[in-house]
Amino acid sequence: VQLQASGGGLVQSGGSLRLSCAASGSIFSINAMGWYRQALGKQRDLVARITSGGETNYADSVKGRFTISRDNAKNTVYLQMDSLKAEDTAVYYCKADGLYGYSGSYEPFASWGQGTQVTVSS
């Protein structure tokens, strides 16, 4: 299963960006999809996560500013980022886990996207 992320870029503080991540391959079902970020010299941390049922959770630092959503028909997850701050600057990675395979034979997967750079200038 492959994940393709897009939508990063350079934006001024207070601005907005929308990230997208589409999963492709022999996907049977996707459980959770999420976004993580890794700033230079720091560990990769969870930003937001959404389950197949639509339950969401967010890092405290982004609550009220970021919104995660997904289109199950398109196997795509989105991250709407508003009121961006300089400290949001990082490489953003999407992740998905679920089952892949063909009728009668499924295996679990957990895949990462390639990362997309978000830079917020102050």
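Because only heavy atoms are used, hydrogens play no part in the values below, and waters and symmetry mates are left out as well, while side chains stay in.
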Determine, step by step, whether Thr67 and Tyr78 satisfy the side-chain contact (heavy atoms from CB on, under 4.5 Å) criterion, reporting the C-alpha distance in whole Å, the side-chain angles of both residues, the deciding distance to 0.1 Å, and the verdict.
CA-CA 8 Å; Thr67 303; Tyr78 306 96; over 6 Å; no
Once rounded to the nearest 0.5 Å, what's the spacing between atom OH of Tyr93 and atom CG of Leu46?
15.0 Å
With a 4.5 Å limit on heavy-atom distance, are the side chains of Arg37 and Ser61 in contact?
yes
Do NZ/NE/NH1/NH2 and the carboxylate oxygens of Asp60 and Lys63 come within less than 4.0 Å?
yes
If I compare all heavy atoms of Ser6 with all of Thr116, which pair ends up nearest, and what's the gap?
C-OG1, 4.4 Å
So Ser52 and Arg70, do their side chains get closer than 4.5 Å, heavy atoms only?
yes
Quick one: does Gln114's side chain have a donor or acceptor within less than 3.5 Å of a partner on Ala5's backbone?
yes
Will you find, in the side chains of Thr119 and Gln117, an N or O donor that is under 3.5 Å from an N or O acceptor?
yes
Thr89 side chain to Ala86 backbone, donor-acceptor under 3.5 Å
yes
For Ser16 and Asp82, does a side-chain donor sit closer than 3.5 Å to a side-chain acceptor?
yes
One should read off an interatomic distance between Lys85 NZ and Ser122 OG, to the nearest 0.5 angstrom, of 13.0 Å
Connected to Val120, directly or through other members, by ILVMFWY side-chain contacts below 4.5 Å are Val1, Leu3, Val11, Leu17, Leu19, Ile27, Ile30, Met33, Trp35, Val47, Ile50, Tyr58, Val62, Phe66, Ile68, Val77, Leu79, Met81, Leu84, Tyr92, Tyr100, Phe109, Val118
Atom SG of Cys21 and atom CG of Asn75: how far apart are they, to the nearest 0.5 Å?
10.0 Å
Tightest non-hydrogen contact, residues Arg65 and Ser83, listed as NH1-O, 2.9 Å
Could you tell me whether the side chains of Glu55 and Asn57 share a donor-acceptor contact shorter than 3.5 Å?
no
